[in-house]
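By convention in this document, chain letters (A, B, ...) are assigned in the order of the sequence lines, proteins followed by strands, and residues within each chain are numbered from 1.
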2 protein chains.
Amino acid sequence: MPRFKVPEVTVERLSIYLRAIKNLEGDEILSSQELADLVGTSDGQVRKDLAYFGEFGVPGQGYRIAKLKQEIRHILGLDSTWGIAIVGIGNLGAALLTYPGFKREEFEIRAAFDRDESKIEKVWRGIKVQHVDKIPKVLSERQIKIGVITTPATSAQEVADKLAKGGVKGILNFAPVRISVPKEIRLKNVDLSMQLETLSYFLRKLT
Amino acid sequence: MPRFKVPEVTVERLSIYLRAIKNLEGDEILSSQELADLVGTSDGQVRKDLAYFGEFGVPGQGYRIAKLKQEIRHILGLDSTWGIAIVGIGNLGAALLTYPGFKREEFEIRAAFDRDESKIEKVWRGIKVQHVDKIPKVLSERQIKIGVITTPATSAQEVADKLAKGGVKGILNFAPVRISVPKEIRLKNVDLSMQLETLSYFLRKLT
DNA sequence: TAGATTGTTAATCGATTAACAATC
DNA sequence: TAGATTGTTAATCGATTAACAATC
């Protein structure tokens, strides 16, 4: 669908635009300037980002909110439901099971895994925890295409290998370590240490 | 200290370099090429990033690991300890209290806050939860310069205002909403929804 | 000295911003 | 029509990559 190669930052902004207009009610029409103000960017940037995917606005008018919302949802692949598995049911894994950013129609947590025998068979938020060795089998059975790694750093690579075997297309990695995956699999690292450390850098300069 | 304006991505990579060489043992000397291989970038990028801050290597040799580690720690402001407060002791907040990326010498969680009376006075991982109204007072008493927001979206702005009043210099926001803070305060959004949605975009294209 | 690798400059690439003709 | 705002092109800005003299 995209007409040129789309920068990743553009995709990230689309997600942000979508959230901004979700919270919107009433107004039928929105200009690129108004949307820009909502998310803290420029009108040109908004139009440029959207232009990668087509023409969604009306010159002289703006964008019909309902239509724009639907278009962005479609672009982002949010008009169907993704099956998700969470691996590593420690504090963070358990927290993500209920985190509102995760628990939404578009994303359905369909399996949870851990290595620790004492956690197996326990039910967390309606999902029964299974042993990591079952990952490949369960993933294909339940059409799970996204894996979330919340294990300690030491297990992350091993888990990534199992997820790959299970046929996931994308991995969200919270373990504080770089892992390698086959190039067909999209890997996103959420590196909380790094976030804190860059914060430290910028604060450091202030003293 | 920096000789020119430093791009944020450079600071992020420094954090990644640091973690890579932390896990290293034995070898006394490391070349930019070796470090690049460890983190998946180029040798030139490594040298460029470091060059913003000084000359840490020896031409013809490479970088002394121990020295490099110390220099990067210093650049990132990790040679002292930052006081942290976590606001919103739901699943995610409680998880971060023990997350290894957070629980480290350089970062010390010194306070936890919630609005829910039923949580107040309870002790989580050795930290007594206090009412959010005490934020300004407690923050200045305990030298807390970083605030972490793990509340629902609806309370995030209110909490940010209280953190600002308490004199934090940086905020890490996990609430799925954009908040605004005085410009002296450095704001980092960790947007898990957005991460999942961009993953969805790239997977969508594969079908 | 010869070989290796740094620090840095110049060339390239890509994303953002500015500007405006086209269009409602 | 006049006014407003889009979609898009050109200009600018900034980051990455290539290349090499300086240096151990």
Side-chain angles (χ1 to χ4, degrees), chain A residues 1-17 20-21 24 27-69 71-72 75 194 198 201-202, chain B residues 1-17 20-21 24 27-69 71-72 75 194 198 201-202:
Chain A
M1 179 194 346
R3 307 201 268 191
F4 307 97
K5 194 183 167 299
V6 180
E8 180 150 353
V9 278
T10 286
V11 179
E12 294 182 352
R13 278 192 299 262
L14 286 179
S15 167
I16 292 169
Y17 299 157
I21 60 180
L24 230 57
D27 303 329
E28 274 297 302
I29 292 269
L30 181 80
S31 70
S32 55
Q33 181 63 65
E34 289 170 312
L35 181 47
D37 289 344
L38 283 174
V39 303
T41 183
S42 67
D43 58 334
Q45 182 91 76
V46 168
R47 294 199 299 278
K48 195 95 211 276
D49 286 336
L50 293 171
Y52 282 103
F53 300 96
E55 309 190 354
F56 307 124
V58 185
Q61 310 283 302
Y63 301 86
R64 277 190 41 225
I65 291 176
K67 183 187 178 210
L68 185 60
K69 205 183 294 189
E71 293 285 2
I72 297 178
I75 292 165
M194 192 198 72
T198 58
Y201 169 78
F202 288 103
Chain B
M1 182 195 343
R3 306 200 269 191
F4 308 96
K5 191 181 170 299
V6 180
E8 180 150 354
V9 280
T10 286
V11 179
E12 294 182 353
R13 279 192 299 263
L14 286 179
S15 167
I16 292 167
Y17 299 156
I21 60 180
L24 228 59
D27 302 327
E28 274 296 302
I29 291 269
L30 181 81
S31 71
S32 55
Q33 182 63 65
E34 290 171 312
L35 180 48
D37 290 344
L38 284 173
V39 303
T41 183
S42 67
D43 58 334
Q45 182 91 80
V46 167
R47 294 199 298 279
K48 195 95 210 274
D49 286 337
L50 293 171
Y52 282 103
F53 301 96
E55 310 189 354
F56 307 125
V58 185
Q61 311 283 302
Y63 301 86
R64 279 190 40 225
I65 292 176
K67 184 190 178 202
L68 185 59
K69 203 183 297 188
E71 292 286 1
I72 298 179
I75 292 166
M194 191 198 72
T198 58
Y201 169 80
F202 287 103

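- For DNA chain D, the span of nucleotides reached by chain B at under 4.0 Å from its heavy atoms goes, 5' to 3', from D/dA15 to D/dC24.
- Nearest-nucleotide positions on DNA chain C place B/P59 closer to the 5' end than the other of A/Q61 and B/P59.
- Partners of B/P7 according to the side chain to side chain contact (heavy atoms under 4.5 Å, CB included) rule, which considers only residues two or more places apart in sequence or in another chain, are B/V9, B/T10, B/Y52.
- Residues from residues 31-41 of chain B placing a heavy atom under 4.0 Å of any atom in DNA chain C, listed by number, are B/S31, B/S32.
- In terms of the salt bridge (Lys or Arg N to Asp or Glu O under 4.0 Å) criterion, A/E71 has no residue partners (sequence neighbours excluded).
- Shown here are the side-chain hydrogen bond (donor to acceptor under 3.5 Å, both in side chains) partners of B/Y17, two or more places apart in sequence or in another chain: B/D49.
- Applying the side chain to side chain contact (heavy atoms under 4.5 Å, CB included) rule to B/K69 yields the partners B/L18, B/I21, B/I65; only residues at least two apart in sequence or on another chain are considered.
- Going from atom CD of A/E8 over to atom OH of B/Y201 covers 10.0 Å, rounded to the nearest 0.5 Å.
- Residue A/G62 is classed as a sugar-phosphate contact, given heavy-atom separations below 4.0 Å to backbone atoms only.
- Rounded to the nearest 0.5 angstrom, B/R47 CZ and B/L35 CG are separated by 11.5 Å.
- B/A51 meets the side chain to side chain contact (heavy atoms under 4.5 Å, CB included) test with no other residue; sequence neighbours excluded.
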Could you walk me through whether B/I75 and B/F56 pass side chain to side chain contact (heavy atoms under 4.5 Å, CB included), step by step? CA-CA 12 Å; B/I75 292 166; B/F56 307 125; 4.0 Å; yes

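- At the heavy-atom level, A/K5 lies nowhere under 4.0 Å from the strands shown.
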Per-nucleotide pairing state of DNA chain D [Watson-Crick or G-U, under 3.5 Å; [ ] pseudoknot-crossing; | other strand]: ..||||||||||||||||||||||

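- With sequence neighbours excluded, the residues forming a side-chain hydrogen bond (donor to acceptor under 3.5 Å, both in side chains) with B/Q33 are B/D37, listed by chain and number.
- Residue pairs satisfying the salt bridge (Lys or Arg N to Asp or Glu O under 4.0 Å) criterion with at least one member in residues 50-65 of chain A, sequence neighbours excluded, are absent.
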